Number of protein chains: 2
Amino acid sequence: MKILIIEDERLLADSLCTLLEGKGFDVEAVYDGETGREYAMLGIYDLLILDVMMPGLDGYQVARQVRTARCSTPILMLTAKSGVEDRIEGLNAGADYYLTKPFDSRELLACIHALLRRQGAQVDEMTFGNTALDLGTSTLICGEKSIRLSAKEFDVARLLFQSRDRNLSKEAILARVWGYDSNAVENHVEVYVGFLRKKLTAIGSDVRIVSVRRLGYHLEVLMEC
Amino acid sequence: MKILIIEDERLLADSLCTLLEGKGFDVEAVYDGETGREYAMLGIYDLLILDVMMPGLDGYQVARQVRTARCSTPILMLTAKSGVEDRIEGLNAGADYYLTKPFDSRELLACIHALLRRQGAQVDEMTFGNTALDLGTSTLICGEKSIRLSAKEFDVARLLFQSRDRNLSKEAILARVWGYDSNAVENHVEVYVGFLRKKLTAIGSDVRIVSVRRLGYHLEVLMEC
DNA sequence: GGTAAACTGAAAGCAACCTTAAATTTCTGA
DNA sequence: TCAGAAATTTAAGGTTGCTTTCAGTTTACC
């Protein structure tokens, strides 16, 4: 998670860096609006923390220019200006959140998490080995390659990716995918596991669906020999 | 744009309704947390405005339960509680913005626009592949060519352009375009997807509406062979 | 080596989806 | 207000490809 801080007060910028780096973020700081705008437009950041009052290009202008350039990185605007007018101007300039100084560091972190959460809500996926199951597009993804799953294939895959390396019985899969009272038989599961295995190898995944006699299936990462 | 207000003070709820309806939003209000949670989970709203202090289920609990149910509708939390702790709790419960009463109506509108903007519901246009959906004129644009959409066609198109390559179930389209309590059937969606496909090819778009059996529809850019 | 479990491929069945066209409702301009 | 156009709904029939079935083969374990 890369965060860019645009803040001319070095002391505050530095303490923010320390705080966020301590929380595991990858942080960069710049100390004026011009530079901030240039960095922000690289589009490589997951979040911008932007001060309003800066010499030269101020925060509102930076936000407006970043948005005009169709860069949609979330912006957390941070400022001593606490007037309603200022907050409105900030939000309308393209900011996603307006936080007034002085602020509580826990509140800042909660804001950051809220913004990143929304950012990440776009793609919901489960990963195992080098492979991801995308819940939004119902596809298996491995590096460049990806392959779409049918509805039933997806249901089975989701159960397996949930259980990961823990065993999942055929009865459990039957009950949850076909329904407890359906007249589906265990061979259905076998056929669908076959489908999934084919698709996993097709995209070059290192994930294997291992069957354990009488106990069911679980995922494993293929070891190189 | 459908907004759900969850607020037990009827006076405030009603004045919010009036304000937002005046701005062209489609607003519904409910007056307790239980009902609010149920309505919110329908997943048919573009935004929730949620009061914290309510008898029974409070705003924090509603937010938490809605998020637990994997419902990602943006939440604007609105409350008289102004303490830092409260703001942190609200954000961590799943809110996207925390606004303290009393608030300026222009600030509220700025927040709403900021949240909807991030949601992907741009005010001007939404693009996918070589094609744009103009929200002002409700037309599909591809290079020189453009074609006008009817009201329902536009509603369906907007949902698809919002979801982009993520699956959108027919159920969800039905609920959000025809209303969850209408007696519309899935064939309506099929017919309208047919209309949109015809119009997309008519303007030479490289965007395809792909159907995934049992899971719904999503957009894809046609690959050259 | 025998047995039970698991796997595979091919073909049939069927639900989901698409298309079309006509009927109905809503909108629009004179 | 009314006629005509546009939009929406309804319904039937065609098509697709997911799902199921099943028989034959392979694998694992005793």
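When reading the values below, keep in mind they use all heavy atoms of this one structure, side chains included, and skip hydrogens, waters and symmetry mates. The shown structure was predicted, so the numbers you read here are calculated from the model rather than taken from an experiment.
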**Request:** Specify whether B/H113 and B/F25 have parallel, tilted or perpendicular ring planes, treating 30° as the upper limit for parallel and 60° as the lower limit for perpendicular.
**Result:** tilted
**Asked** D/dC18 phosphate, OP1 or OP2: any side-chain N/O from B/R214 under 4.0 angstrom?
**Response**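 No, outside the criterion.
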**Request:** Check whether any side-chain N or O of B/W178 sits under 4.0 Å from OP1 or OP2 of D/dT9, and answer yes or no.
**Result:** yes
What's the closest nucleotide to the side chain of [X] if the choices are [options]?
X      : options                : result
B/V191 : D/dT9, C/dC7, C/dC18   : D/dT9
A/S150 : D/dT19, D/dT8, C/dC18  : D/dT19
B/R213 : D/dT16, D/dT19, D/dA11 : D/dT16

With a 4.0 Å cut-off on heavy atoms, is [X] in touch with a base, just the backbone sugar-phosphate, or nothing at all?
X      : result
B/Y217 : sugar-phosphate
B/A151 : sugar-phosphate
A/V185 : nothing
B/V193 : nothing

**Prompt:** Within a strict 4.5 Å, meaning less than it, do heavy atoms of the B/V212 and B/Y217 side chains meet?
**Reply:**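 No, too far: nothing below the 4.5 Å cut-off.
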I need the [atom1]-[atom2] distance between [X] and [N], as an integer number of Å.
X      : N      : atom1 : atom2 : answer
B/I209 : C/dA16 : CD1   : P     : 21 Å
A/K198 : C/dC7  : NZ    : C1'   : 10 Å
A/D155 : D/dT19 : CG    : P     : 9 Å
A/H188 : C/dA12 : NE2   : C1'   : 13 Å

**Prompt:** Can a salt bridge be assigned to the pair B/D46 and B/R176 using a cut-off of 4.0 Å between side-chain N and carboxylate O?
**Reply:** yes
**Prompt:** Any ion pair linking A/E85 and B/R106 (charged N to carboxylate O, less than 4.0 Å)?
**Reply:** yes
**Item:** Distance-only donor-acceptor test, A/N187 side-chain atoms vs C/dA6 base atoms, 3.5 Å
**Value:**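 Between C/dA6 and A/N187, which were checked side chain against base, a qualifying N/O pair under 3.5 Å is absent.
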**Prompt:** If each of B/L215 and A/K170 is mapped to the nucleotide of DNA chain C with the nearest heavy atom, which maps nearer the 5' terminus, i.e. the 5' end?
**Reply:**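 Nearest nucleotide further toward 5': that of A/K170.
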